[in-house]
Amino acid sequence: MEYKLFIDGRWVDGGPRLEVRNKYTGEVIGALPTARREDVDAAIAAAAQAAPQMAEMPAHKRSEILAKTSALIRERREEFARTIAAEAGKALKYARAEVDRGITTFAIAAEEAKRIHGETVPLDAVPAGEGYFGFWVRRPVGVIAAISPFNFPLNLVAHKVAPAIAAGNSVVLKPASTTPLTAVKLCQVLTEAGLPPGALNLVVGSGSTVGEWLVTDPRVAKVTFTGSPPVGERILAIAGIKKVTLELGNTSPVVVAPDADLEFVAKRCAVGAYYNSGQVCISVQRIYSQRQVYEPFTEQFVKASEAMVVGDPLDERVDVGPMIDVREAERIEGWVQEAQAGGARVLTGGKREGAVYWPTVLTDVRPEMRVVAEEAFAPVAAVIACDDFEEALRQADATPYGLQVAVFTRDIQRVFQAIKRLNFGGVIINDTPVFRADHMPYGGNRRSGLGREGVRYAIEEMTNIQMVAIRLG
Ligand code: NAP
């Protein structure tokens, strides 16, 4: 199937063709042109031209477009899910769950579009403000460049496009080169829902060209990026003076206190570690178990890991499909072998066939090993024994990252001790770091990023506060 770029409300040609493959079979499932410099320029110009119209559009109209988009995705649920399963290699059941979340994200944005407001400011609180009336409002920033990763081709695009439209902005979207087809379908749906030409433009092509042309263009007022920390750093270095939101990686820790329900924790950790082949920014990677429950917990975790069904993501029974490409599977295979050479033990998994890497449990790891210190982004988790709860918290927090962390305990004292000790954007109690509801504030501290998503919080990042002071009399 041949697709095109979407610029100024029209499907247009561009430069060299990009083939998109099914990540399990390798079969070509679609192709589309990559954007040349002039195509990116046209997309930004169209967005800049549409920006005033979007800013003027009444809130109820923006809300209606977003609500209709949500309904249209629901109508095409299975088509979206199969596209995600094929182009991202995500097991169909999780691809369907992603589509359901995308439907919700647009529905939340439809609601939030109606409640963007400011507040009054008592200017006479200082002598200079006597005789003035003050208030502030939120104004859309203008053109937003949205750059998204491969691992959630619908919902992470939704988390950028939906709040941008809710706030009255226009968008140029650059999806990951491995997974652009879901984004094409989203553009179709938004157009059918009534979004005016130029309000959303789609350009496809490599990050180092198309991505950087967008990031550095002075007409772009804001860059919203989800992806890896090195690319996030690069974007921040070259963006110039514009707003930047960065949603980056993590080495997600889990702390298991001795009072936790070990079988439940083991099963939740297995889903949290292997879902989407561990290619989730909040995938379970480091599990700190107190020594007195380390053995029974590890036994349960290995059992739950071995229960995962590995195979073709389009097969209904499968839990774990391929990684995004064979190089990624070879990378993690190398990391695990390196850990083994340093004394780590593989309790299950450690096997690769093409792009498929089996759910893998490691133990006897050391903090400096890459499987612990760096984002694994693969179906690999390590169980680490700790002497006490305090030590488990210390090790969990000993990372340059800070997206989400989980603690399993029924002890309220431990809950509050954990909240205070952990420098993460999200602390999840009695579930894994993978927990996310699409309206909650979501984002990282430290090297995990800048800013927050979660529709309402993204709207705050995608608007400027405009202060109005009126001298009375
Ligand atoms: P990536 O390699 O950083 O790519 C993300 C996007 O950035 C892609 O569209 C990519 O284009 C583009 N890009 C690459 N280089 C660029 C540059 N120099 N300038 C502008 N754009 C550029 O990440 P990925 O492999 O797709 O995704 C995995 C990473 O995303 C992991 O680190 C994961 O933790 C993170 N992630 C974070 C969150 C979160 O919410 N915090 C959620 C999901 C994923 P190409 O595809 O053409 O290379």
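Side chains included, hydrogens not; waters and symmetry mates left out as well; all remaining heavy atoms used. Residue numbers start at 1 and run along the sequence shown. Atoms within each ligand, like the ligands themselves, are counted from 1 in listed order. Quantities reported herein were computed from a predicted structural model and do not represent experimental measurements.
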Fill in: From the candidates Thr226, Asn250, Val231, Leu403, the one that places a heavy atom nearest atom 5 (C) of ligand 1
Thr226
Discussion item. Taking a cutoff of less than 4.0 Å between a non-hydrogen atom of the residue and any ligand atom, is Gly232 in contact with ligand 1?
Written reply: no
Worksheet item: Does ligand 1 have any atom that is closer than 4.0 Å to a heavy atom of Pro175?
Response: yes
Discussion item. If we set the cut-off at 4.0 Å for heavy atoms, which region of Leu156 has an atom near ligand 1: side chain, backbone, both, or neither?
Written reply: side chain
Discussion item. When you measure from atom 47 (O) of ligand 1 to the protein, is at least one non-hydrogen atom found at a distance under 4.0 Å?
Written reply: yes
Item to complete: Identify, for atom 39 (C) of ligand 1, the protein heavy atom at the shortest distance, and state residue, atom and that distance.
Response: Cys281 SG, 3.3 Å
Discussion item. Among Asp315, Asp319, Asp100, exactly one meets salt bridge (Lys or Arg N to Asp or Glu O under 4.0 Å) together with Lys93. Which residue is that?
Written reply: Asp319
Worksheet item: Phe152: heavy atom below 4.0 Å from ligand 1, yes or no?
Response: no
Practice prompt. Test the Lys90-Phe152 pair against the cation-pi criterion, namely NZ or CZ under 6.0 angstrom from the six-membered ring centroid and within 45° of the ring axis.
Written response: yes
Fill in: Sub-4.0 Å heavy-atom approach of Ser148 to ligand 1
yes
Item to complete: Give a yes or no on whether a salt bridge exists between Asp397 and Arg446, defined as a side-chain N under 4.0 angstrom from a carboxylate O.
Response: yes
Worksheet item: Is the shortest distance from a Lys or Arg side-chain nitrogen in Glu333 or Arg352 to a carboxylate oxygen in the other one below 4.0 Å?
Response: yes
Practice prompt. For atom 24 (P) of ligand 1, grab the closest protein heavy atom and report residue, atom and distance to one decimal in Å.
Written response: Phe150 CD2, 3.8 Å
Discussion item. For atom 35 (C) of ligand 1, which of the options Ala239, Gly249, Gly227 provides the nearest non-hydrogen atom?
Written reply: Gly227
Worksheet item: Which ligand 1 atoms are under 4.0 Å away from a heavy-atom of Tyr442?
Response: 40 (O)
Fill in: Region of Glu453 that comes within reach of ligand 1 [heavy atoms, distance under 4.0 Å]
neither
Discussion item. Taking 4.0 angstrom as the limit and counting only heavy atoms of Asn151, give me the atoms of ligand 1 inside it, by number and element.
Written reply: 43 (C), 44 (C)
Fill in: Carboxylate-amine/guanidinium contact Glu98 Arg101, below 4.0 Å
no
Practice prompt. Take atom CD1 of Ile241 as the centre, draw a 6.0 Å sphere, and report whether it contains more than 12 heavy atoms from other residues, nucleotides or ligands.
Written response: no
Practice prompt. Just do the side-chain hydrogen bond (donor to acceptor under 3.5 Å, both in side chains) check on Tyr357 and Ser277 with the steps written out, would you?
Written response: CA-CA 8 Å; Tyr357 197 74; Ser277 293; over 6 Å; no
Fill in: Carboxylate-amine/guanidinium contact Glu461 Lys243, below 4.0 Å
no
Worksheet item: Would you find a donor on one side and an acceptor on the other, under 3.5 Å apart, between the side chain of Lys23 and the backbone of Arg21?
Response: yes
Fill in: 4.0 Å heavy-atom contact, Ser206 with ligand 1
yes
